[in-house]
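Notes follow once the structure below has been shown.
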Amino acid sequence: MDPPSRKVAQETKGFMPDDEAQALYDAGVLGSRSGPIVEIGSYCGLSTLYLGSAAKAVGTTVYTIDHHRGSEEHQPGEKHHDPELYDARAERFDTLPALLRTIAQGRLCATVAPLIGLSEDLAGSWSLPLGMVFIDGGHSERTAQADYEGWAPHIVRGGLLAIHDVFEDPAEGGRPPYNVLRRALAGGAFVAHSRSGSLRVLKRLE
Ligand code: SAH
Ligand code: MG
């Protein structure tokens, strides 16, 4: 099984360049061998396509989490707002219909389970050991740290923690994902496994 078809990926809105997507797919294949994957931040399912194709190849599941109302930067008037994803009747941003379309087009209905809600709420009631966690949700310090605190403990030994939008240089992007990376490495439980662009993959040692 290969990464998702170029056509489906090209038709999917999202924030993941090709090289990072390929690295995410490779990490997904490795992580899936240790257990299911949790993705925080589905948006319209671009990264989900890659994690889902990887999990399908190995025979496991991706749980992809989002409240689907968008982060701060997706709201009307903000830098990454997309008017096509605004539901005028409900008067809110809504990426769930796009995610469901992407899952179907990627033939991942039996592999990807969308979970609709707040990451921190779902983390509090989670008990399934995980082969991989991909943190790509809210980019505030509070949200990014809560994602790490809530989800990293569920990763099994040998499993992977992937973090997106990690920028060493503050001129390139916000601090919270980088701060989470440093915290994970400083804690001693994770070591660096791979990197591609702003995607960092760590492996759990203990
Ligand atoms: N992984 C996607 C991009 C995710 S954008 C891609 O590859 O294209 C970040 C997403 O995180 C947004 O859709 C937003 O709604 C979601 N999000 C932000 N904070 C969240 C939270 N606390 N709980 C659940 N989802 C959250
Ligand atoms: Mg991202």
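Computed from a predicted structure; not experimentally measured. Whatever order the structure lists them in is the order used to number ligands and atoms, beginning at 1.
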Kindly list each side-chain donor-acceptor pair under 3.5 angstrom involving residues 107-125, sequence neighbours excluded, with atom names and distances?
unit_1	atom_1	unit_2	atom_2	d
Ser119	OG	Asp147	OD1	2.6
Ser119	OG	Trp151	NE1	3.1
Ser125	OG	Leu122	O	3.4

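Counting only distances under 2.8 Å, and ignoring water, the protein N, O or S atoms around the Mg ion (ligand 2) are Asp136 OD1, His164 ND1, Asp165 OD2.
Note on residues 49-73: pairs passing ring-ring contact (aromatic ring centres under 6.0 Å, His included), not counting sequence neighbours, are Tyr63-Trp126. Residues in residues 90-104 take part in no salt bridge (Lys or Arg N to Asp or Glu O under 4.0 Å) pair, two or more places apart or across chains.
Donor-acceptor pairing under 3.5 Å is recorded for the side chains of Glu39 and Ser47. Donor-acceptor pairing under 3.5 Å is recorded for the side chains of Asp26 and Gln22. For the residue pair Glu141 / Gln145, a side-chain donor-acceptor distance below 3.5 Å is found, with atom types taken as modelled.
Between Leu46 and ligand 1, no pair of N/O atoms sits closer than 3.5 Å. For Phe15, a nitrogen or oxygen atom sits less than 3.5 Å from a nitrogen or oxygen atom of ligand 1, counting backbone and side chain alike. Considering both main-chain and side-chain atoms, Ser119 comes within under 3.5 Å of ligand 1 through a nitrogen or oxygen pair. Inclusion of Ser47 in the set of residues having an N or O under 3.5 Å from an N or O of ligand 1 is warranted. Taking any N or O of Ser42, backbone or side chain, none lies under 3.5 Å from an N or O belonging to ligand 1.
With a 4.0 Å cut-off on non-hydrogen atoms, His164 does not touch ligand 1 at all.
Residue Gly14 has at least one heavy-atom neighbour below 4.0 Å for each of these atoms of ligand 1: 8 (O). Interface atoms of ligand 1 facing Gly70, defined by a heavy-atom separation under 4.0 Å, are 14 (C), 15 (O).
Across the listed options Gly138, Gly117, Gly137, Gly117 owns the non-hydrogen atom lying nearest to atom 24 (C) of ligand 1. Looking at Ala144, Ala21, Gly41, it is Gly41 that brings a heavy atom closest to atom 2 (C) of ligand 1. The heavy atom nearest to atom 16 (C) of ligand 1, considering only Thr143, Asp66, Asp136, is found in Asp66.
Leu199 and Phe15 fall into different hydrophobic clusters, where Ile, Leu, Val, Met, Phe, Trp and Tyr residues are linked whenever their side-chain heavy atoms come under 4.5 Å apart, directly or through other members.
Nearest protein heavy-atom contact of atom 22 (N) of ligand 1 is Glu120 OE1, 3.1 Å. The protein heavy-atom contact nearest to atom 20 (C) of ligand 1 is His67 NE2, 3.3 Å.
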Apply the test side-chain contact (heavy atoms from CB on, under 4.5 Å) to residues Arg33 and Val29: give CA-CA distance (whole Å), side-chain angles for both, the deciding distance (0.1 Å), then the verdict. CA-CA 7 Å; Arg33 297 201 181 114; Val29 170; 3.5 Å; yes

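Here the options are Thr48, Val62, Thr64, Val133, the test is side-chain contact (heavy atoms from CB on, under 4.5 Å), and the partner is Ile37; only Val62 passes.
Below 30°, between 30° and 60°, or above 60°: for Phe134 and His164 the angle between ring planes is between 30° and 60°, a tilted geometry.
Atom CZ of Arg69 has 12 or fewer heavy atoms from other residues, nucleotides or ligands within 6.0 Å.
One finds the CG atom of Asp82 at 9.0 Å from the NE2 atom of His74 (value rounded to the nearest 0.5 Å).
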